[in-house]
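Side chains are part of it too, since the values below use all heavy atoms of this structure and drop only hydrogens, waters and symmetry mates.
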Amino acid sequence: MGIVQKAVDYFTRRSTVSIEEYFCKLQVDYVYRKFAIETCIDLIANAMSKAEFKSYEKGKNKKNEMYYRLNVSPNKKTNATEFRKKLIRRLIYYNEVLIVSPSDSSSELFIADSWNVKEYGLKENIFSQVQISNTVLDHEFKESDVIYFEYADEQIRQLVDAYYTAYGKLISSAMNVYKRSNARRLVLKGNLFRPQDGNTQSEINEMMTAQFKQFMEADNAGAVFQLQEGYTLDDISGNAQSNSRDIKNLIDDIFEMTSAAFHVPKNLFKGDMSGLSDQVDAFLMFEINFIAELIQDAFNASIYEMDEYLAGDYLRVDTTMIKVVGFKEMVEAGDKAIGSGQYTINEMRERGGNDRVDDPRADKIYITKNYDDATKGGDANDNNENNSSSKK
């Protein structure tokens, strides 16, 4: 075989890679990271979908237009749950969210997909080329005309990606070791004298692969291989076999690191129900309440002037409905909440998923004698009332 042919065969073998093989390599490096981040996003978004955005006027809770936009339908194309999930996804993936109303006459709220921004140190930033789906708005927005906020100073997702770069290689390597350790290795002995050129060797390899395919595949319940006379087949695989434990441990490291980055308890991330109440409490404390306050502050700073806010006009994100409470615990908590004047009967009915009642007593504040002025004393009052009634 000539030098030219050898060169062609060598470079052809090195450069030819099937699309399926290339895609599988990308998939190994991507699928676990994608799964981990998507799981965190879904947990955070699903929790935030249970929060209630409450609007206040002069310090009193009012179901006004802003309440409707944030809890029912931000715009005519999106409901509140879809809006919040997109907001969380955008916040985590890109570290920032821009919410705009297309025009001054519209109260609809849209999450922008892309935009340009001119940043200034001492005056308002200017947002332009704001794109919503496939529509680019043709006017600029001042910072006071939009709702803009960032998740963190550094993009956590990029830090996760950087961390995963090394672990992706380790996982791929562990998979290759596992496959090599459990692969069958056979030696075919016989009269194998043949021309040592690339084409001939390729044809023989193709023939041997076709002959051994059914014989070597693990999915076959049984297989027969016709071995020609003068040939012997020796198995040199050995008995030492590797298990997939190392691969699983590396993947678990990725999952635990990702859940820690987004403050999602690792047991909650993995679907482990042990200690669920404590996990949810930690999740609410370290992640959900932070995001709720971030959104709440951004809306209050953008929608209300200082005088309006100080006069009692503001927005509050209520996350107390996120945690599911059993009926018994809810009744006991409701009894104390109503008796201490924290909630009215109708408010507690709403928290339990029940309808309000028209009885005016259900909207009154009640306080038991246990919470009465300590200088009076419940027993003393009862005795005085009895004494006074007996005198009459």
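- Under the 4.0 Å criterion applied to side-chain N and carboxylate O atoms, Glu124 and Lys118 are not assigned as salt-bridge partners.
- Counting non-hydrogen atoms of other residues, nucleotides and ligands closer than 6.0 Å to NZ of Lys266 gives a total of 12 or fewer.
- A cation-pi contact, defined as under 6.0 Å to the ring centre and within 45° of the axis, links Arg90 to Tyr94.
- Side-chain N or O atoms of Ser101 include none that pairs as donor or acceptor with a backbone N or O of Ser103 at under 3.5 Å.
- Ring centers of Tyr309 and Tyr304: at least 6.0 Å apart, outside the cut-off.
- Residues Asn289 and Thr319 bring a donor and an acceptor atom of their side chains to less than 3.5 Å of each other.
- Under the 3.5 Å distance criterion, the side-chain polar atoms of Asn125 are matched with a main-chain donor or acceptor of Tyr120.
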Quiz item: Could you go step by step and tell me if Ile345 and Asp359 meet the side-chain contact (heavy atoms from CB on, under 4.5 Å) rule?
Solution: CA-CA 10 Å; Ile345 294 174; Asp359 192 332; over 6 Å; no
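- The main-chain N or O of Ser274 is found under 3.5 Å from a side-chain atom of Gln279 such that the two form a donor-acceptor pair.
- For the residue pair Thr320 / Asp318, a side-chain donor-acceptor distance below 3.5 Å is found, with atom types taken as modelled.
- Counting only heavy atoms from C-beta outward, the side chains of Arg349 and Arg356 never approach each other to under 4.5 Å.
- Aromatic ring orientation, Phe35 versus Phe269: perpendicular (interplanar angle above 60°, classes split at 30° and 60°).
- A donor and an acceptor atom, one from each side chain of Ser114 and Gln131, are located under 3.5 Å apart.
- Electrostatic pairing of Lys60 and Asp313 does not count as a salt bridge here, judged by no charged N lying under 4.0 Å from a carboxylate O.
- Ser73 places no side-chain N or O within 3.5 Å of a backbone atom of Arg69 that could act as its donor or acceptor partner.
- Lys85 has its side chain within reach of Asn46: a pair of non-hydrogen atoms, C-beta onward, lies under 4.5 Å apart.
- Side-chain atoms of Ser107 and Glu65 form a donor-acceptor pair, as typed in the model, at a separation below 3.5 Å.
- Between Phe283 and Leu43 the shortest side-chain heavy-atom distance falls below 4.5 Å.
- Looking at Ile99 and Phe83, their side chains come closer than 4.5 Å, going by heavy atoms from C-beta outward.
- The aromatic rings of Phe290 and Tyr151 lie perpendicular to each other, with more than 60° between the two planes, well past the 30° mark.
- Grouping the Ile, Leu, Val, Met, Phe, Trp and Tyr side chains by contacts below 4.5 angstrom, directly or via other members, places Met48 with Leu315.
- Between Leu294 and Leu91, the closest side-chain pair of non-hydrogen atoms falls below 4.5 Å.
- Donor-acceptor pairing under 3.5 Å is lacking for the side chains of Arg84 and Asn79.
- Atoms CD1 and NZ, on Ile288 and Lys50 in that order, are 13.5 Å from each other to the nearest 0.5 Å.
- Val97 is listed as a side-chain neighbour of Ile111, based on a closest heavy-atom distance under 4.5 Å.
- Between Lys364 and Thr344 the shortest side-chain heavy-atom distance does not fall below 4.5 Å.
- Distance alone, capped at 3.5 Å, places no donor-acceptor pair between the Arg89 side chain and the Asp42 backbone.
- Of the inter-residue distances, the one linking Ser340 atom OG with Tyr366 atom OH reads 14.5 Å to the nearest 0.5 angstrom.
- A donor and an acceptor atom, one from each side chain of Glu57 and Asn64, are located under 3.5 Å apart.
- Counting non-hydrogen atoms of neighbouring residues, nucleotides and ligands closer than 6.0 angstrom, the CD atom of Glu305 reaches no more than 12 such neighbours.
- A side-chain donor-acceptor contact under 3.5 Å links Asn75 and Thr78.
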Exercise. Walk me through it: do Phe299 and Leu70 pass the test side-chain contact (heavy atoms from CB on, under 4.5 Å)?
Key: CA-CA 11 Å; Phe299 271 85; Leu70 294 176; 3.8 Å; yes
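- The environment of Lys270 atom NZ is dense: over 12 non-hydrogen atoms of other residues, nucleotides or ligands sit within 6.0 angstrom.
- Aromatic ring orientation, Trp115 versus Tyr148: perpendicular (interplanar angle above 60°, classes split at 30° and 60°).
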